[in-house]
Every structure is written in structure tokens, then in C-alpha cells.
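Only this structure's heavy atoms are used, side chains among them; waters, hydrogens and symmetry mates stay out.
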Amino acid sequence: PHCKVGGVVGLSVLRAATLQGWRCALVESQNELLTQASGSNSGIACTGVDASPGTLERALIRDANSQFRVYCQAHNLPTRPCGSLVCLWPWDDQDRLDEVLLESLDAGDTHAQRWTSEQVLAE
């Protein structure tokens with residue numbers, strides 16, 4: 001099998017297909033690399049807590065996140081775990097924050113913690 005791909009998602013597909021023995025070619029539409037989404041990435045590894053549980057999107061994000069950490073360690077690439085900020089909106093259930101915290105911890109975000117509004121304002 002053969003595939004031709006481009007972009008961030010295409011590069012991920014290319015890597016997975018290559019590891020499965022496919023012959024692949026990376027195709028970039030621009031004259032230079034990293035001029036589109038690839039070059040604007042914030043460098044944040046998403047844990048997928050905003051993707052619905054049980055969905056393919058959530059499964060792929062979690063899988064990619066775990067592979068990203070292994071890849072960085074194997075290639076001696078520095079990472080800085082930093083957690084994320086999840087805010088309670090007026091229409092949200094207070095208990096939902098506890099669920100999000102547990103989901104974040106389950107996804108490998110070991111720095112996730114719940115703060116009070118006073119803690120946030122003090123920072």
C-alpha cells in the first residue's frame with residue numbers, strides 16, 4: 001500500500017502507516033515547512049477531557065498523548081508538564097469540576113489540581 005499526506009494530521013498518519021510497513025511520501029503544499037498549522041502549534045499536548053468519553057476522538061487524543069511522552073523521552077526531547085486551567089461556567093454543575101479533575105489525572109496530567117477562586121485570584 002502507498003499513501004501521500006501533508007500537514008500535522010497527515011504527518012501522524014504517515015508515521016503510523018510507515019510503522020505498519022507502508023511506503024509513504026510527505027507532501028507539503030507550501031514552499032517552506034511549518035508555515036501553516038504545523039508552525040503555529042502551541043506545543044501543548046491535549047489530554048482530551050473536552051472530547052466526549054467513549055468517542056474515537058477521545059481515544060485518539062489519549063493514545064497520541066501517551067505516545068508523545070514516550071517519543072520525547074526516547075529522543076531526549078525536553079517537556080514541561082504544566083497542567084491545564086478548567087473554569088466553572090455559570091451553567092455548569094459544580095460536581096463536573098471533580099469529574100474533569102479525575103479525567104485529567106486518568107489521562108496522565110499528573111499536575112492537575114482543583115483550585116478555589118481565592119487561589120486563582122491570589123496567583
Side-chain angles (χ1 to χ4, degrees):
H2 293 69
C3 69
K4 294 179 184 177
V5 298
V8 172
V9 173
L11 187 58
S12 299
V13 170
L14 178 132
R15 180 180 184 277
T18 301
L19 291 173
Q20 294 294 318
W22 288 41
R23 291 181 47 174
C24 301
L26 176 62
V27 177
E28 176 58 55
S29 64
Q30 303 299 311
N31 292 333
E32 296 181 23
L33 294 175
L34 305 174
T35 59
Q36 300 295 312
S38 301
S40 328
N41 187 316
S42 62
I44 297 172
C46 177
T47 60
V49 296
D50 57 337
S52 299
T55 62
L56 178 60
E57 177 187 16
R58 178 94 169 251
L60 291 173
I61 290 171
R62 296 284 174 93
D63 183 53
N65 196 16
S66 65
Q67 289 185 39
F68 175 74
R69 291 177 183 171
V70 171
Y71 182 87
C72 288
Q73 286 177 340
H75 293 85
N76 200 27
L77 297 172
T79 60
R80 184 179 58 88
C82 60
S84 58
L85 175 64
V86 179
C87 300
L88 176 68
W89 299 108
W91 54 85
D92 280 348
D93 181 1
Q94 184 73 27
D95 294 334
R96 178 68 183 128
L97 282 179
D98 292 326
E99 292 174 25
V100 170
L101 176 59
L102 292 174
E103 290 171 11
S104 295
L105 292 169
D106 181 56
D109 184 356
T110 58
H111 292 77
Q113 43 183 293
R114 185 170 177 181
W115 284 17
T116 64
S117 57
E118 291 80 19
Q119 288 173 297
V120 172
L121 292 172
E123 285 294 310

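In Gln20, the CD atom is not crowded: 12 or fewer heavy atoms of neighbouring residues, nucleotides or ligands sit closer than 6.0 Å.
Annotation: the span from Leu14 atom CG to Leu19 atom CG amounts to 9.0 Å, rounded to 0.5 Å.
In this structure, Leu77 belongs to a hydrophobic cluster whose other members, linked by side-chain heavy atoms under 4.5 Å apart, are Tyr71. Side-chain heavy-atom separations under 4.5 angstrom define the hydrophobic clusters, and the remaining members of the one that includes Leu60 are Leu56. Listed by chain and number, the hydrophobic cluster partners of Leu105 are Leu101, where partners are ILVMFWY side chains within reach of under 4.5 Å, directly or through others.
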(Q) Before you tell me yes or no, could you show the steps for Arg15 and Gln67 under side chain to side chain contact (heavy atoms under 4.5 Å, CB included), namely the whole-Å CA-CA distance, both residues' side-chain angles and the distance that decides it to 0.1 Å? (A) CA-CA 12 Å; Arg15 180 180 184 277; Gln67 289 185 39; 3.5 Å; yes

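Put simply, the side chain of Pro53 reaches to within 4.5 Å of the side chain of Arg58, judged on heavy atoms.
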